[in-house]
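See below for the structure under consideration.
Given the structure is predicted, the values throughout are model-derived calculations rather than measurements.
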Amino acid sequence: MARCDVCGNNYDRSFQIVTQDKTVTVDSFECAIHACAPTCAHCQCRIIGHGVQDGERIFCCAHCARESGVTELQDRT
């Protein structure tokens, strides 16, 4: 069993996610989202879809980008 890095649960079905710069152990997709998903630069929600990006800033949608002054981005449809 391994302990979840997010919630601390010791679970026999925990798993690891390996990215270029870190490895995290989680016990659920919910904890994986909290550990790995980027945060919208405007509303602070976790981005679990494609999102839109302006330089280094990432937004959950074009609306949040516009609210932050970015006008040239649009949602992918």
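For the pair V24 and A35, the tightest heavy-atom approach, listed with the atom from each and the gap, is CG2-CB, 4.2 Å. In terms of heavy atoms, V6 sits closest to C31 at CG2-O, 3.4 Å. The two residues C60 and I47 come nearest to each other via the heavy atoms N-CD1, 3.7 Å. Taking both residues in full, the closest heavy atoms of G8 and R3 are given as O-NH1, 2.7 Å, listed atom of the first, atom of the second, then distance. Between A41 and F59, the closest heavy-atom pair is CB-CE2, 3.6 Å. When all heavy atoms are compared, the tightest approach of S68 to R57 is O-NH1, 4.0 Å.
Of the possible polar contacts, none joining the D12 side chain to the M1 backbone as a donor-acceptor pair under 3.5 Å is found. Formation of a donor-acceptor pair under 3.5 Å by the S14 side chain with backbone atoms of A2 is found in this model.
By the neighbour-count criterion of 12 heavy atoms within 6.0 Å, atom CD of E30 is sparsely surrounded, having that number or fewer from other residues, nucleotides or ligands. With a 6.0 Å radius and a threshold of 12 heavy atoms from other residues, nucleotides or ligands, I48 has its CD1 atom at or below the threshold.
Under the 4.5 Å side-chain contact rule for hydrophobic residues, V52 and V70 share a cluster. Note: the hydrophobic cluster containing F29 also contains I17 (ILVMFWY, side chain heavy atoms under 4.5 Å, direct or indirect links).
If you take NE2 on H34 and CG on D5, they are separated by 14.0 Å, rounding to the nearest 0.5 Å. Atom NZ of K22 is separated from atom SG of C36 by 5.0 Å, given to the nearest 0.5 angstrom.
Legend: residues meeting side chain to side chain donor-acceptor pair (under 3.5 Å) with R46, ordered by chain and number and at least two apart, are T39.
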Do V26 and F15 pass the side chain to side chain contact (heavy atoms under 4.5 Å, CB included) test, and can you show the C-alpha distance, the side-chain angles, and the key distance before you say yes or no? CA-CA 6 Å; V26 293; F15 55 95; 3.4 Å; yes

